[in-house]
Amino acid sequence: MTLSFSALSAFSTKPRLGLAAGLLIAALLQVCSAGLDPYTTQVMIFAAINVILAVSLNLVMGETGQFSLCHAAFMAVGAYTSAMITGKALPSILPHFQWTGSSWASQISFLPVLLCAGLTAALAGLIVGGPSLRLRGDYLAMVTLGFGEIIRVLLQNTNVVGGARGMEGILPVTNLFWAVGGAVVTLYTMMALVRSTYGKGFHAVRDDEIAAAAMGIDTTSFKITAFVIGAFFAGIAGSLYAHAVEFISPEGFNFLRSFEIIVMVILGGMGRPVGVAVAAILVTLLNEWLRDLSGYRMVVYALIIILFMILRPGERLAPWWRQLVSRLPSLTRGSAGTKPEIPS
Amino acid sequence: MSSMESALLDVRNCSLRFGGLSALSDVSLTINPGELVGLIGPNGAGKTSLFNILTGVYQPTSGEILIEGRRSAGLPPHLISRLGMARTFQNIRLFGSLNVGMNVRTSFIARLHHGLIRSVRRGRTFRAEEDRISKEAGRLLAYFGLEEAATRPSRSLPYGDQRRLEIVRALAAKPRLLLLDEPAAGMNPSEKDQLRLLIARIRTEFGTAILLVEHDMKVVMGICERLIVLDQGRVIASGTPAEIRANPKVIAAYLGEPNKKGADR
Ligand SMILES: Nc1ncnc2c1ncn2[C@@H]1O[C@H](COP(=O)(O)OP(=O)(O)O)[C@@H](O)[C@H]1O
Ligand SMILES: [Mg+2]
């Protein structure tokens, strides 16, 4: 616990140290996972995947202020791409290797597979975002909604990937190391990005596009970049998901899944990567509680969002949360804490 | 290109129509490097519209604009800005979610050496550049007396400081031409005096040419060496403050109106 706290505080002061600490935690979790029951492990993996999804969508919605309704579709692109690679391509190229979940061949080849999944999803992001991000908000919502449906229908009608029945028997390669490590890398990337001068471009676009352009900021390029990076990590999350549950079908990546990710971003306070990550974990746990409700889950989400909009706890939570985070370094290291950096 | 001879800004016969309404009709003007030019005219004369076609927010319906000899037609606003032009807005447009220092930092984005990948890798050259930007932004803020406010949310600044911050943000982009749209609006008299000094200082210390839209005659007449008067979208006069004051057309259109006091506000 203290370890993860110090990782979190390191994230905010020395990001690269935070990244190393986070990856170490992922490795330790993997080593200790033998002692965990499979259900707990599964829930932790789902939580980590949701962190990746929510934190990456946050770059688009929270940091850049663009509305996207197809995050689950990017996830699908990554999931199907990687399932095809590990299920069909790899075994046929290298038939003499042993392709089981825990074999070293599958574990080592998982990194390039994840990257392929991410890149394919990023390409999909470029194809949707490139033309449509020149449009204004409402159109973007419609285009992304449409794209999500197109992907789903395409998958349903493509026999190679199992059509509506989906793909099963996917190699169970995803473990705590890959999932938590993926979440750590995503969080690191997003935090490093939005803290850099370059990353302030996303915020400038969100706050005022006209002023941003007048300052020489290429607003379209920032929007497309956010979209593509978001899609990249969604693709990786999809790949992790496919290789965790061993079965994927087009229905698993429908609009409701996208909506679920949006809920996490909103609950996390839009534009606060750490808050969004926490919200993703909480929603995962809530999902497990509400498992029996199944269909009514969406009603619960909708109610939560409506309550959130009415009560606006974010505004009251925000100072409290910021205070906590700013105290973390001194809490964990007992040091004098933050140095005054001029424009932070 | 004969950039030595060409004016910093050359507006040739520009018109801008919104449906039936002519916001600008056949406007021509030039601004030379380092000049401080006042642009005046009653409300609705087309001053902000002129800024908007200069910065590419709108495309002129006809006519052309040359910035250091280069046509800006068809360029998106961010590329026009990179030709060396920065502006402030009549209705302040700061980045509300960013603090004061970060607002200034956004002006460095267009000239960054590091992009996405290097910002995530956070290597040595990246950190060196971030440090340099921090220092430069800090120095600019200090120069304009805003260093204390660097970590404050830009929204929380008093009105006059927000206007000043917008000027600092524009200057941080190192423009050769600075467009100021009613920077004294909403300021009290002492803030206005400060602003007058500030604008004069910007010109001398940064060598930036300035096109200043301002209603306050005291501010404009006091610091501008040349004035351009717009009325109903047309340039009706241009010359030194003394010439403008004596020009009957200007007096009729603007200064001589019964609400002269109102215009002075
Ligand atoms: N986006 C717009 N759409 C329609 N009319 C506009 C628009 N912008 C400005 N105008 C009109 O153009 C004229 C000039 O406005 P403006 O340039 O704002 O004047 P000024 O800045 O001198 O007060 C006004 O009549 C105004 O109503
Ligand atoms: Mg105006």
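Every chain is numbered from 1 and lettered A, B, ... according to where its sequence line falls, protein lines coming before strand lines.
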Measuring from atom [atom1] of [X] to atom [atom2] of [Y], what distance do you get when rounded to the nearest 0.5 angstrom?
{"X": "B:M102", "Y": "A:K200", "atom1": "CE", "atom2": "NZ", "answer": "4.5 Å"}
{"X": "A:D207", "Y": "B:N103", "atom1": "CG", "atom2": "CG", "answer": "8.0 Å"}
{"X": "B:I92", "Y": "A:D208", "atom1": "CD1", "atom2": "CG", "answer": "12.0 Å"}
{"X": "A:I210", "Y": "B:R87", "atom1": "CD1", "atom2": "CZ", "answer": "8.5 Å"}
{"X": "A:E209", "Y": "B:R93", "atom1": "CD", "atom2": "CZ", "answer": "10.0 Å"}
{"X": "A:L193", "Y": "B:R122", "atom1": "CG", "atom2": "CZ", "answer": "10.5 Å"}

So which heavy atom on A:Y198 is nearest to which on B:S119, and how close?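 Smallest interatomic distance, heavy atoms only, reads CB-OG, 3.4 Å.
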Is [X] in contact with chain A via its backbone, its side chain, both, or neither, using a 4.5 Å heavy-atom distance?
{"X": "B:L116", "value": "both"}
{"X": "B:S97", "value": "both"}
{"X": "B:R152", "value": "neither"}

Neighbour count >12 (heavy atoms, 6.0 Å) for atom [atom1], [X]:
{"X": "B:I117", "atom1": "CD1", "result": "no"}
{"X": "B:R71", "atom1": "CZ", "result": "no"}
{"X": "B:E148", "atom1": "CD", "result": "no"}

Portion of A:T220 that has a non-hydrogen atom of chain B nearer than 4.5 angstrom: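 Neither; nothing under 4.5 Å.
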Without swapping roles, check the side chain of B:R111 against the backbone of A:G216 for a donor-acceptor pair under 3.5 Å.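 Here the side-chain-to-backbone pair does not exist.
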Quick one: are [X] and [Y] in side-chain contact, heavy atoms under 4.5 Å?
{"X": "B:S81", "Y": "A:M215", "answer": "no"}
{"X": "B:H78", "Y": "A:F222", "answer": "no"}
{"X": "A:I217", "Y": "B:R82", "answer": "no"}
{"X": "B:T106", "Y": "A:T197", "answer": "no"}

Looking at A:A192, A:A213, A:G201, which makes the most heavy-atom pairs under 4.5 Å with chain B?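 Highest number of pairs under 4.5 Å: A:A213.
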Between B:E130 and A:S196: side-chain donor-acceptor atoms closer than 3.5 Å: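 A:S196 and B:E130 do not have a side-chain donor-acceptor pair below 3.5 Å.
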